[in-house]
Amino acid sequence: MVIRSRRSLAIIVPCLFVFFITAGCAPPFPKETMDKVNRNVSFQELKKDTENFKGTWVMLGGMIVGSRNAKDGTLIEILQKPLDSDGRPLQTDSTEGRFLVQSDTFLDPVVYHEGRLVTVVAEVIGRKELPLDDIIYAYPLLSVKDMHLWEPSQGPHFFFGVGVEHRL
């Protein structure tokens, strides 16, 4: 009986280990949502010719610059950032501009606050011009279909495995 239990344990423990490791690598959006996304649309193309992409689903991410609530929902201004392979915005100064996402529901500004990293799957609905300091800025306007808030950075992280990786 002890031998059978050890064999079972020898099989179950590695399987659980693999399950938990791969579960942590799950993408932020369901496959059904990602199947609707046109991955060939760059942010630069979208910004240049927004009207041409109306109705297209895109995945974009970046850092929240601000959010405004109104009777009909929430408008979030996002500073675009390139995404890593998991869809997380990179911690970089590199950006191609700003965009707006519109939600039909109330999103609490304490949660969706300035500086928070976010990735959205959204439908392009047009362009909106708003003042940005002393200029009028043309924002691509998107209707959010799904949104993922990333955990705030807690400073440098070290990951051990084959080699050592340092992330900020």
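Just so it is clear, the model here is predicted, and its values are computed rather than measured.
- Using a cutoff of 4.0 Å between basic side-chain nitrogens and carboxylate oxygens, Glu77 and Arg98 are scored as salt-bridged.
- For the salt bridge (charged side-chain N to carboxylate O under 4.0 Å, His left out) test, no residue two or more places apart in sequence or in another chain qualifies with Lys128.
- Gln44 CD: 12 or fewer foreign heavy atoms inside a 6.0 Å radius.
- Looking only at side-chain heavy atoms (C-beta outward), Leu90 and Lys81 stay at 4.5 Å or farther from each other.
- The two residues Leu141 and Leu75 make their nearest non-hydrogen contact at CD1-CD1, 3.9 Å.
- The closest side-chain heavy-atom distance from Ile135 to Asp133 is not below 4.5 Å.
- For the pair Thr50 and Gly126, the tightest heavy-atom approach, listed with the atom from each and the gap, is CG2-O, 2.8 Å.
- Under a hydrophobic-cluster definition in which Ile, Leu, Val, Met, Phe, Trp and Tyr are linked whenever side-chain heavy atoms come within less than 4.5 Å, directly or via other members, Val37 and Leu142 are assigned to different clusters.
- Taking 4.0 Å as the cut-off between side-chain N and carboxylate O, Lys145 and Glu123 count as a salt-bridged pair.
- The heavy-atom pair separating Pro28 from His148 by the smallest distance is CB-CG, 3.6 Å.
- Without hydrogens or angle criteria, Thr95 side chain to Gln80 main chain gives a donor-acceptor distance under 3.5 Å.
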### side chain to side chain contact (heavy atoms under 4.5 Å, CB included) evaluation trace for Leu107 with Met147
CA-CA 11 Å; Leu107 300 175; Met147 188 169 355; 3.7 Å; yes
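- The shortest non-hydrogen separation linking Pro82 to Ser94 is CD-O, 3.4 Å.
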### Task
Could you walk me through whether Leu100 and Ile78 pass side chain to side chain contact (heavy atoms under 4.5 Å, CB included), step by step?
CA-CA 6 Å; Leu100 297 171; Ile78 300 172; over 6 Å; no
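- A salt bridge links Arg127 with Glu129: at least one charged nitrogen is closer than 4.0 Å to a carboxylate oxygen.
- The shortest side-chain heavy-atom distance between Tyr137 and Pro131 does not fall under the 4.5 Å cut-off.
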### Task
Just do the side chain to side chain contact (heavy atoms under 4.5 Å, CB included) check on Met59 and Val120 with the steps written out, would you?
CA-CA 6 Å; Met59 182 171 82; Val120 298; over 6 Å; no
#### Entry: Intermediate values then yes/no, side chain to side chain contact (heavy atoms under 4.5 Å, CB included), Leu79 and Met63
CA-CA 5 Å; Leu79 179 67; Met63 182 179 66; 4.1 Å; yes
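- In terms of heavy-atom proximity, Leu46 sits nearest to Val124 at CD1-CG2, 3.6 Å.
- The closest donor-acceptor contact from the side chain of Lys47 to the backbone of Pro140 lies at 3.5 Å or more, if one exists at all.
- In this structure, the separation between CH2 on Trp57 and CZ on Arg39 is 13.0 Å, given to the nearest 0.5 Å.
- Residues Ile76 and Leu60 are members of one and the same hydrophobic cluster, defined by side-chain heavy-atom contacts under 4.5 angstrom among Ile, Leu, Val, Met, Phe, Trp and Tyr.
- Scanning for ring-ring contact (aromatic ring centres under 6.0 Å, His included) contacts around Phe43 gives Phe99, with sequence neighbours left out.
- Residues Ala122 and Val144 share a closest heavy-atom pair of CB-CA, 3.9 Å.
- Side-chain contact between Asp146 and Pro30 is present, with heavy atoms from C-beta onward closer than 4.5 Å.
- In this structure, the side chain of Thr33 does not engage the main chain of Phe29 through any donor-acceptor pair within 3.5 Å.
- Thr56 contributes atom OG1, which lies 14.0 Å from atom NZ of Lys36 (distance to the nearest 0.5 angstrom).
- Contact of the Phe53 side chain with the Val41 side chain is registered, since non-hydrogen atoms from C-beta on lie closer than 4.5 Å.
- Residues satisfying the side chain to side chain contact (heavy atoms under 4.5 Å, CB included) test with Leu149, not counting sequence neighbours, are Ile64, Val111, Tyr112, Arg116, Val118.
- A distance-only check finds no donor-acceptor pair linking the side chain of Asp86 to the backbone of Arg88 [under 3.5 Å].
- Side chain to side chain, Asn69 and Thr74 meet the donor-acceptor criterion of an N or O pair below 3.5 Å.
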